[in-house]
Structure formats: structure tokens, C-alpha cells
Amino acid sequence: MTTLPYGRQSIDEDDIEAVVSCLRDDFLTQGPRVVELEAALCATTGSAYAAVVSNGTAALHLASLALDVGPGDFGLTSPITFVASANAIRYTGATVGFVDVDPESGQITPETLDAALSQLQAGGRVPRVVVPVDLGGQPVALPEISARCRSQGTRVLHDAAHSLGASWGADPAHRVGDGRFADATILSFHPVKHITTGEGGAVLTPDPEIHSRVADLRSHGIHKRADEWQRHPDDPFVGGWYYEQSALGYNYRLPDINCALGISQLRKLTVFIELRRKWAQRYDDAFANSRFSSWMRPLQQRPGSHSSYHLYVIRVLPQPHESLHDVAARRKRLYEHLRAHQILSQVHYIPVHWQPDFHERGWLPAGGLPGAEQYYAGCLSLPLFPQMTDDDIERVIHAMTEFAPHA
Ligand SMILES: *Cc1c(COP(=O)(O)O)cnc(C)c1O
């Protein structure tokens, strides 16, 4: 029996051929495939601009800088996310704070955001940026979240590392990354995400100013175009070799080799998402049975949202009179039980404010983050990736069935 991971990339011969043909071409980096991938991302998401970068964390970092987040500022994010969402705020010298989540969805909501904002306001603080996260691939309530932010001058940096290809509403649907309700949106192309470039990420934005700052900062803050220089092109000290650094940037570029893979992967995004949704539906159907529903429940989906299912998350439910400690103990037994069947589930995520490096650093609302702690105690991500088979799904459902009586 093979080991079943919780997530896995799908690479086919077209992908391999795309990378090989790049290796035979002139540009391994800073070439035409960068531009081509960016255009394809705009076409897919409806974004006006896209800048690809070396990974999703770099995308968060550069987007934060481009949104003028810096020392003395304050940025809010979810505690139920990968540490990168919070670290990006810290990289800029700003202080990070956490907004509680709804334990049913693991996401921040307009209500939890309101609670955090009014507490901050009472202390005279207005966050520079809010970073909402589409946990598992389900879009957060972005229109409401962004309305609250915009009414007080707070920028919205949407962490869509899980939700490429997701949408909400209809006629027409709002696509994640279309830029209507966020100043910038970031994507990740890590192998477990919807499409991969090995490592990679992107910043999408509707704003040409933000785009050009991100594009500059990903390559040392260097300008190669004469109209952006302080010195005049006729100056004898200036010539074909000339460039100017006008801001402290980084080398966060994404090579053409990786872009070649990304272009080829993006062509298959619709198929990948259809498969993810199909497997998710299979789990949903099985778990709707009362044999399961007494002790576990899939992550709640908001009406009208169309998740692209980066993850399939279930929540182990507390039984009457049970503490969070009891729930966590049962979730751990379930994890071990699945592992004994060579099924590798995963926990997304350990609350970021529990990380030792965030102690005494992250701002928490008065009363703490009970929603996040409740969510964390019971959450578990079951295997979900496009190239799963019927047998794989049956294997997981069977192992879950076996566990149920001991729950
Ligand atoms: C994967 C991920 C990131 C960071 O992406 P990398 O490409 O691994 O740097 C950021 N936020 C979330 C929610 C993620 O899942």
C-alpha cells in the first residue's frame, strides 16, 4: 500500500516539455516567460496587473512594502494561517495583530474584524493593513471586510495562497484576485498549491502604482528605463550600460524556467479545480451520513462561495461536556489512526500567536482568540489533490469509518 499524502503536485509530460524547451532557449531568467505567465495570471483572475516573484512569502513582503506598511505601523491578520502571512507584516518593521476566526470556517469574518477594529480604535490605533486569508480555498467575506477597511483608510492585502480559481456570487461571479475588493492579492505556487512553479508566487493588483513598486522592489529597486532616472540620458556618464537604484529592493525574481512550468500548469487550472471539487464532493457525501456527523463535520462553506478546495478540512466536534483538551486528544488519535493506514493527514494551522517567536510580539484582542483555539483543537486536513483515485478516496473514507466507533 502506498502512502497517501495530504497534497501533491500534478506534473505531466507537457509540463516537462515546457521546462526543457525553456532550458534550450536564450533566457533562463528575466526573459519572455515571466511576462507570459503574468499575462496569463491576469487573464485567469481578471486582475489588471500581476508581478511574479520567487515565492508567496516574498509576494506578501513586497505587497506590504508597496502598501506603505512600515515601522510604527500596525497590521492585522488571521491566527489560522501559515506563519508567512504574519511574518510579512513583521519584515517591514510593523507590528502584527490577530483577528479572531469563526471556529466553523477558520476564517476572520466582518464581525470578528469589527470587534478587533473597535478595540484598536479605543486605543487610538488604526491598522495600516488587514491581511485576510482564504483558508482551504474558500473566499473570505471580502466585500464586507474591505468596506470596513476602506471606510477608515486601512489597506486590504488578500492572502489568496489557497484560493486561486475560487469565486463567489454570480452574474457575474467575483473572481479571487480580480482586484475589486483588495488593494493587492497574493498567490503561492508551492507544490501543494493549485498550480506550481517549484517555488513561486505573485502579487496581483488593480493599481498601476502598487504594481510598479512591487516590480521594482523584486529586482533591487533598480530602474532600467530612462524616463525613471534622475540623470538625463544625454549625460556623458549615462549610456547603454546605465541603471539607477532608487529604492532598497531585493532579488525576489522568478526565473523563466519556473515560469515555463507555471504557464503550462495554469492551462490545466480548470481541470485541477474540477477534480478537487469532485473529490471534495465525494467526502461531503460520505460524511453527511449520521455515522460521521455525530462526531465530525467538514469545514463550513458560506452560501454563494465557490471554493477551489486547496484543502479538505474536517473538524472533530466536541461531545457534550467535553473540553477542548478532549477534542484535541481525539483529533490526535484520528491523525495517528490515519497514519497507521499510511494516510498522511495534516493540521492547518497551529495558531500563529502560539508560536514562541510571536509571544510578547503579536497584539491580541482583549479576551484572546477563543475561536482560533477552538478551531485548532479539532481541525484536520484529509488528503486532497487532483490525481487522487477513487481507491484513494475510498481508502480514506474506510479508515474514517473504522475510527468512528472509537470516537
Ligand atoms: C503557502 C502559503 C503562503 C506562502 O507561500 P510560499 O510560496 O510557501 O512562500 C502564504 N500564505 C498562506 C496562507 C500559504 O498557505
Side-chain angles (χ1 to χ4, degrees), residues 5-9 37 41 50-65 69 75-92 96 98-99 101 105-108 129-140 142 145 156-166 176-177 182 184-204 214 217-218 250-255 258-259 261-262 265-266 276 299 307-313 346-353 355 358 372 375-376 379 381 384-385:
Y6 85 88
R8 190 186 147 74
Q9 71 273 18
L37 177 56
L41 287 168
V52 293
V53 293
S54 47
N55 54 66
T57 307
L60 281 162
H61 184 192
L62 294 189
S64 300
L65 292 171
V69 183
L76 292 177
T77 190
S78 170
I80 300 299
T81 184
F82 184 52
V83 289
S85 317
N87 287 342
I89 295 169
R90 287 176 55 191
Y91 293 157
T92 68
V96 68
F98 296 102
V99 179
V101 302
S105 70
Q107 296 188 337
I108 69 174
V129 70
V130 169
V131 185
V133 180
D134 291 345
L135 183 72
Q138 169 170 219
V140 289
L142 204 57
I145 287 171
V156 178
L157 170 49
H158 185 195
D159 184 336
H162 293 190
S163 59
L164 175 61
V176 162
T185 302
I186 72 93
L187 303 173
S188 164
F189 308 135
H190 181 277
V192 296
K193 307 284 163 72
H194 290 91
I195 64 163
T196 189
T197 58
E199 295 275 0
V203 179
L204 310 176
V214 169
L217 291 172
R218 80 173 154 187
Y250 302 84
N251 181 349
Y252 279 172
R253 295 185 303 256
L254 187 63
N258 304 64
C259 291
L261 180 54
Q265 286 264 298
L266 195 55
R276 287 176 176 278
L299 200 63
S307 177
S308 53
Y309 280 102
H310 164 52
L311 301 173
Y312 190 88
V313 180
Q346 185 55 286
V347 169
H348 297 96
Y349 288 95
I350 305 155
V352 179
H353 67 291
Q355 296 294 348
F358 280 81
Y375 168 84
Y376 170 62
C379 70
S381 304
L384 180 68
F385 51 94

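In each ligand, atom 1 is the first atom listed, and ligand 1 is the first ligand listed.
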Just to verify, which of L157, N87, I89 counts as forming a side-chain contact (heavy atoms from CB on, under 4.5 Å) with L60?
L157

So among S308, S163, S188, which one has a side-chain hydrogen bond (donor to acceptor under 3.5 Å, both in side chains) with H194?
S308

Name the residue from Y6, F82, Y375, Y376 that meets the ring pair (Phe, Tyr, Trp, His ring centres under 6.0 Å) definition with H348.
Y6

With the criterion set at N/O pairs under 3.5 Å, what does the list of contacts between the protein and ligand 1 look like, atom names and distances included?
| residue | atom | partner | partner atom | Å |
| --- | --- | --- | --- | --- |
| ligand 1 | 5 (O) | S188 | OG | 3.3 |
| ligand 1 | 7 (O) | G56 | N | 2.7 |
| ligand 1 | 7 (O) | S188 | OG | 2.8 |
| ligand 1 | 9 (O) | G56 | N | 3.3 |
| ligand 1 | 9 (O) | T57 | N | 2.9 |
| ligand 1 | 9 (O) | T57 | OG1 | 2.6 |
| ligand 1 | 11 (N) | D159 | OD1 | 3.4 |
| ligand 1 | 11 (N) | D159 | OD2 | 2.8 |
| ligand 1 | 15 (O) | H162 | NE2 | 2.8 |
| ligand 1 | 15 (O) | K193 | NZ | 3.0 |
| ligand 1 | 15 (O) | Y349 | OH | 3.2 |

Would you say C259 and V52 make side-chain contact, with heavy atoms under 4.5 Å?
yes

Test side chain to side chain contact (heavy atoms under 4.5 Å, CB included) applied to F98 and T77, step by step:
CA-CA 5 Å; F98 296 102; T77 190; 4.0 Å; yes

Kindly write out the residues that satisfy ring pair (Phe, Tyr, Trp, His ring centres under 6.0 Å) with H158, not counting sequence neighbours, or none if the list is empty.
none

